[in-house]
Amino acid sequence: MQKSLPLNDKVPHVPVGPGNMTWLVTPGSTSARFQAALGSGAHVVLLDLEDSVPADAKADARDAVLAFAGARARSAVGPLLGVRINAAHSAEGLRDVVSMADTGLWPDLVVVPKVESGRDIAAVVRAVRRAGSAAKVWALIESPRGVLALPGIVRTPGLAGVLFGAADYAAAAGCRLTSRAMWHPRSQLVTAAAAAKLPAVDSPYFFLDDQDGLRQDALEAVELGFAGKVAVHPRQLKAIAQAFTPSLHDVEEARAVLAAAAGADGAITTAGGAMVGPPLIETARTVARRARHTHSTANNVSSQVS
């Protein structure tokens, strides 16, 4: 097994992009867990100021999260640090953004929840740019209105990616929080994101004791085209990383396709009894790129949580 890097202050900073497949969300009101989250093996540690923080603890959580973001900015190593602010159109959301701008303490990512129009994103993007921050703005889509508005949302200038919130969506739609009920909104999200060339990250799986269900849900996310998935507990990271890591069979098939394409000099050819043309070649390249990145990542996460 490849030796894994220790997840501490010497870990290289990983860039924002489709390779960031594992996200770990941590309540902003539990500052004692922040450092442990950084050592979990997740690509992105997302500190939450919204749903997980009671109304009377918002101010204290905001102060703790921004102080932590400031400390992380000075080291600029380890996993990416994200902050889920409160809804952009709410008083608390405005306080979150104003506090970041006033203090200059910005995380790597700002996740905007309850997004139902491009306006929700545009206001935060403007604040980030005016402050001269390099923070990337992501939209959390978690309502039927948000799903219907996706074509406009993903075209918002400055948007870096989208996430899906299954629990809020199910509550708003009046449907059950099941795989079958979530396939339509998840597919809509991935399709809109792909059209805009943005990464899409899937909702958490909320049943902590159901590892088989988590694995199936993560594999479905891969099948649908998601670039990553959020975890609500560190012990979920290993299954997510494994699901997003191409299997040996997938890698061998991709190599066969690329080898056949290289020998065909641009002509249509076959590999393993299947026709090989430009779409399959591009898919094979994607598998090869993901394999190079994720096999080492899966080992790294496994060593942290085993």
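These figures come from a predicted structure and were not determined experimentally. Position 1 is the first residue of the sequence, and the numbers go up from there.
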Taking the side chain as C-beta and beyond, is there a heavy-atom pair between [X] and [Y] under 4.5 Å?
X: L46; Y: L109; answer: no
X: D51; Y: D168; answer: yes
X: L66; Y: V83; answer: no

Quick one: [atom1] on [X] to [atom2] on [Y], what's the gap to the nearest 0.5 Å?
X: W106; Y: S99; atom1: CH2; atom2: OG; value: 10.0 Å
X: S179; Y: Q216; atom1: OG; atom2: CD; value: 7.0 Å
X: Q35; Y: S40; atom1: CD; atom2: OG; value: 11.0 Å

Quiz item: Side-chain heavy atoms under 4.5 angstrom apart, residues restricted to Ile, Leu, Val, Met, Phe, Trp, Tyr: same cluster for L198 and L224?
Solution: yes
Quiz item: With hydrophobic residues grouped by side-chain heavy-atom distances under 4.5 Å, do V201 and L177 end up in a single group?
Solution: yes
Practice problem: Please name the pair of heavy atoms, one in T22 and one in G41, separated by the smallest distance, quoted to 0.1 Å. | Solution: OG1-O, 4.0 Å
Self-check item: Heavy-atom pair with the smallest gap, counting every atom of A172 and P144
Solution: CB-CD, 3.5 Å
Can you name the side chain to side chain contact (heavy atoms under 4.5 Å, CB included) partners of [X], sequence neighbours left out?
X: R155; value: P151
X: A231; value: L24, Q236, L237, I240
X: H184; value: Q188
X: A181; value: C175, T178

Practice problem: Please indicate whether R215 has more than 12 foreign heavy atoms, meaning atoms of other residues, nucleotides or ligands, lying under 6.0 Å from its CZ. | Solution: yes
Strictly distance-based, threshold 3.5 Å: is any side-chain N or O of [X] a donor or acceptor partner for the main-chain N or O of [Y]?
X: K229; Y: W23; result: no
X: S143; Y: G146; result: yes
X: S203; Y: G165; result: no
X: K58; Y: L49; result: yes

Exercise answer: donor-acceptor pairs, residues 118-135 side-chain atoms, under 3.5 Å, sequence neighbours excluded:
unit_1 : atom_1 : unit_2 : atom_2 : d
D120   : OD2    : E116   : N      : 2.9
D120   : OD2    : S117   : N      : 3.4
S133   : OG     : A135   : N      : 3.0

Practice problem: Sequence neighbours left out, what passes ring-ring contact (aromatic ring centres under 6.0 Å, His included) with F206? Give chain and number order. | Solution: none
Quiz prompt | Pair R235 + D209, salt bridge at N-O below 4.0 Å | solution = yes
Practice problem: Could you tell me whether K136 and D108 have a side-chain N and a carboxylate O separated by less than 4.0 Å? | Solution: no
Quiz item: Among side-chain atoms of S90 and N86, is any donor-acceptor pair under 3.5 angstrom?
Solution: no
